[in-house]
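Here's the structure, in structure tokens; my notes come after.
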Amino acid sequence: MSNQNYLNSLNTVQKDAVTTLNGPVLVIAGPGSGKTRVLTYRIAHILQSGISADRILSLTFTNKAAKEMQERIHSVVGASANGIWAGTFHSLFSRILRMEAHHIGYSTSFTIYDTEDSKNVLSALIKELNLDKETYQVNNLRNRISAAKSALVTPTMYEANAEFLKQDKAAGRPMIATLYRKYTERCKRAGAMDFDDLLYRLYELLQRNPENILDKYREKFKYVMVDEFQDTNHLQYAIIRKLVHFEGSSRNICVVGDDAQSIYSFRGATIQNILDFENDFKPFGIQVFKLEQNYRSSEEIVQAANVLIQHNTKQIQKKIWSHKGAGHKIKVIRSVSDSEEGKQVINTLTELRNRYHLSFSDIAILYRTNAQSRVFEEYCRRENIPYKVYGGLSFYQRKEVKDLIAYLRVIINPSDDEALKRIINYPRRGIGDTSIQKMLQMSAEKEIPLWEVVKVEGINNQKAPKLLKQFVEMILSFTEKKDTENAFDLATLAAKQSGLIDLLKADGTPEGVSKVENVNALLDAVKNFVDEDESDQLDGQLDKSLVSFLQSIALYTDMDDKEAGDETVTLMSVHSAKGLEFKAVFVTGLEENLFPSHMSMDTTEGLDEERRLFYVAITRAETFLTISYSLSRYKFGQMKYSEMSRFLEELPGEYLESTSPMRSNNRSVQTTSTVTGFAPNTRKPLSKMPDKFNAEDFKASPPETLSPGMTVLHQKFGIGKITKIDGGRDNRVATILFKDIDEPERRLMLKFAKLQIIPQ
DNA sequence: GTTGGTATCTGTGGA
DNA sequence: AGATACCAAC
């Protein structure tokens with residue numbers, strides 16, 4: 001075909017990966033190795049070979065990545081890229097499911113339950129079955145059900161599996177199988193799918209294969225590509241395999257991944273998929289390409305990352321090297337508190353920005369947990385630095401927004417119990433908890449959606465409370481209009497008639513005002529959706545329905561509207577930063593029990609994944625990498641000591657700034673620092689020690705009342721004797737000999753340490 | 001049925 | 001600290 005100039009900008013391996021179109025291909029792509037470029041050019045190459053766009057399936061992890069890819073393909077091949085199936089697993093599969101819904105007993109307008117909805121269903125079930133909610137924690141339960149689905153275990157299979165039952169019984173939770181079944185029934189009855197169902201139901205559909213549906217999609221998707229393959233789970237791979245791995249298939253599949261960047265095992269992702277892929281497709285001439293040249297980062301960053309990841313035992317061997325040469329060394333910042341960490345990070349950020357003329361959008365602050373964003377936000381505001389926090393609570397998860405969405409959901413799908421429960425008495429219309437409970441009970445007994453009960457009670461019941469009747473009539477009046485009015489008019493009507501807008505307007509507080517703004521913003525979003533003429537185009541069809549809007553926002557994350565032009569500093573979790581790059585990156589909170597997370601520290605596998613996460617974090621940086629940690633941090637309103645993360649010790653000293661405060665690397669700062677020895681190496685003794693000092697009768701004595709010779713109680717270290725106090729004013733440091741710990745002598749700063757005097 | 005106060009608890013990450 | 005769950009009083 002015509003223009004293949006794009007091939008000239010690729011290195012040899014990249015070119016091979018782009019041009020090997022037929023047969024199975026595995027690309028192992030290190031960070032910054034031009035993976036996106038390879039994927040886009042590959043698609044362009046397929047298109048230029050004369051394949052039409054709608055026969056290409058390209059699965060990515062985020063909508064943003066999909067969008068970016070679409071745009072880049074467009075810029076290479078123009079309009080012939082229209083109609084390509086590029087998107088996330090969840091969004092593309094939900095589209096297929098909508099088209100095929102009738103085959104699996106769902107309506108085209110099925111609802112997507114988000115995490116909150118799922119949890120509510122489970123809570124309700126636990127209550128109904130009179131189970132102890134301590135024993136059956138919803139989070140736990142949800143994870144277990146999710147894991148079951150991801151492992152292709154149906155409720156029936158679960159109930160028949162002696163091993164699962166035995167495990168659950170041993171754990172004192174014999175009802176999990178029942179809960180899984182009932183949860184599945186409830187979702188089905190509500191015409192709802194949770195996130196896992198979007199994958200699972202598709203698998204089920206392809207498996208059952210009604211009307212030879214499988215052949216249709218096998219025939220359709222001639223070329224399949226999967227990005228971030230290391231983060232797919234068993235279920236996702238099973239679907240992919242169904243689509244491409246069959247007798248007579250040309251098996252034109254290309255998966256791209258990096259085992260070193262696998263960070264989603266908590267939702268079932270497994271690098272086993274990479275190994276399985278190799279085995280499954282070996283008989284069919286699989287070709288493996290390794291992209292090892294890093295175009296993103298300086299040598300210091302790439303080398304530090306290489307050394308770090310060497311600490312993981314299991315990995316696919318590869319040597320990532322930088323073409324950029326040496327640059328700036330990695331800076332490490334230590335601070336005494338989380339607040340000071342915020343201050344120092346922002347100071348360093350400003351310094352860097354001024355000295356190297358960086359733009360705000362060149363800079364990112366990354367952290368392990370979303371809760372850490374607060375101090376950085378605070379100091380950004382203080383210093384007038386424009387910033388945007390990604391992740392955490394997205395716009396569509398705010399209460400007032402979800403409330404209006406719940407109205408829309410009920411209009412589209414009245415069986416959606418979770419949405420109905422949310423709005424039946426909001427705004428308050430006198431339908432109290434007692435009557436709601438009664439109706440819920442009836443719905444459970446008759447195994448029908450709540451709406452059916454509400455409708456009967458509200459309309460047919462002679463003694464129907466007037467208020468309930470009014471509610472039903474209102475909803476019915478909305479539903480009537482759903483086929484004639486457009487999505488925007490319908491949503492506006494619902495917002496007004498329900499009294500939602502008036503209720504929020506009546507609240508004059510700043511929060512109230514912002515809520516009104518958010519509801520209006522949602523209405524704007526609906527309007528945009530209706531007016532837009534390009535997006536959501538699939539196989540030539542434009543879908544402007546409210547259903548389509550609701551499904552798109554159910555899968556929306558605020559990462560999706562990250563624009564390159566935004567002149568703001570980026571604040572996000574390391575997980576969210578996957579796939580992104582910045583000139584300057586701050587990786588914060590490098591502390592034991594935080595990064596690595598205390599959740600993952602017990603097992604080698606857990607630790608390895610945390611290390612990969614840190615690997616992902618540092619390889620986001622192109623030129624400037626700064627790592628920070630703090631010696632104390634507030635957790636649940638309580639100050640806790642923390643110590644430097646083991647990962648910092650694993651970084652090679654030669655790539656760090658010489659002034660870096662690294663304890664074990666024996667740097668000069670260490671001996672002069674006033675805080676040295678203040679977060680001692682207590683890793684093992686601490687985790688082993690029982691929590692016996694956490695008694696609620698602990699009451700810290702005022703620091704000024706403490707003096708040498710006194711016996712004191714510390715919540716973690718236990719009972720000890722103060723041997724001396726030195727330092728002046730607000731920097732007084734006590735040396736205490738604790739009797740029950742391995743390294744008994746501790747130096748604690750009195751302004752931080754909570755000590756209770758034990759009278760002798 | 002509603003309101004407002006207090007007790008309780010938070011186990012990371014996210015489609 | 002901050003959200004949520006639960007309970008007593010209106």
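Residue numbers begin at 1 in each chain, while the letters A, B, ... track the order of the sequences. Side chains included, hydrogens not; waters and symmetry mates left out as well; all remaining heavy atoms used.
Neither OP1 nor OP2 of B/dA15 sits under 4.0 Å from any side-chain N or O of A/T115. Taking only side-chain nitrogens and oxygens, A/N370 comes nearer than 4.0 Å to OP1 or OP2 of B/dG13. Between A/S435 and B/dG1, a side-chain N or O to OP1/OP2 separation shorter than 4.0 Å is present. A close approach under 4.0 Å does not occur between any side-chain nitrogen or oxygen of A/S576 and OP1 or OP2 of B/dG13. Residue A/N425 places at least one side-chain N or O under 4.0 Å from the OP1 or OP2 atom of B/dT2. When the side-chain nitrogen and oxygen atoms of A/H575 are compared with OP1 and OP2 of B/dT12, none of them lie within a distance under 4.0 Å.
In this structure, A/M601 places its CE atom 17 Å from C1' of B/dG13, rounding to the nearest Å. Atom NZ of A/K578 and atom P of B/dT12 are 21 Å apart (whole Å). Counting to the nearest Å, the P atom of B/dT10 and the CZ atom of A/R633 are 20 Å from each other. Counting to the nearest Å, the P atom of B/dA15 and the CZ atom of A/F61 are 8 Å from each other. One atom, CG of A/L97, and another, C1' of B/dA15, lie 14 Å apart when rounded to the nearest Å. Nucleotide C/dA5 holds its P atom 10 Å from the CD atom of A/E116, rounded to whole Å. The distance between atom CG of A/N233 and atom P of B/dG14, rounded to the nearest whole Å, is 17 Å.
Closest contact between the side chain of A/R428 and the listed nucleotides B/dG13, B/dT3, B/dT12 involves B/dT3. Nearest nucleotide to the side chain of A/T88, out of B/dA15, C/dG2, B/dG14: B/dA15. In the set B/dG14, B/dT12, B/dG1, the nucleotide with an atom closest to the side chain of A/F266 is B/dG14. Checking C/dA1, B/dG14, B/dA15 against every side-chain atom of A/T557, the shortest atom distance belongs to B/dA15. The side chain of A/R374 lies closest to C/dA1 when the candidates are C/dA1, B/dA15, B/dG13.
One side chain, A/D416 or A/T111, offers a donor N or O that lies under 3.5 Å from an acceptor on the other. A/S94 and A/S91 are not linked by any side-chain donor-acceptor pair at a separation below 3.5 angstrom, with hydrogens and angles left out of the test.
Judged as a side chain to side chain contact (heavy atoms under 4.5 Å, CB included), and not counting sequence neighbours, the contacts of A/K399 are A/D403, A/R422, A/Y426.
When each of A/T62 and A/E610 is assigned the nucleotide of DNA chain B with its nearest heavy atom, A/E610 is the one assigned upstream, toward the 5' end. In terms of position on DNA chain B, the residue among A/R429 and A/E609 whose nearest nucleotide sits closer to the 5' end is A/R429.
At least one test fails for A/K469 against the ring of A/F471: distance under 6.0 Å to the centre or angle within 45° of the axis.
Comparing the P positions of B/dG13 and C/dT4 gives a spacing of 15 Å, expressed to the nearest Å.
A/G430 comes within contact range of the sugar-phosphate backbone alone, with a heavy-atom separation under 4.0 Å but no base atom that close. Among the heavy atoms of the strands, none lies under 4.0 Å from A/R612.
The distance between the ring centers of A/H575 and A/Y264 falls below 6.0 angstrom.
Taking a centre distance below 5.5 Å and an interplanar angle below 30 degrees as the stacking criterion, A/Y264 does not stack against the six-membered base ring of B/dG13. Judged by ring centres under 5.5 Å apart and planes tilted less than 30 degrees, A/F636 stacks against the six-membered base ring of B/dT10.
Just one residue in the list A/R368, A/R646, A/K640, A/R633 forms a salt bridge (Lys or Arg N to Asp or Glu O under 4.0 Å) with A/E592, and that residue is A/R646.
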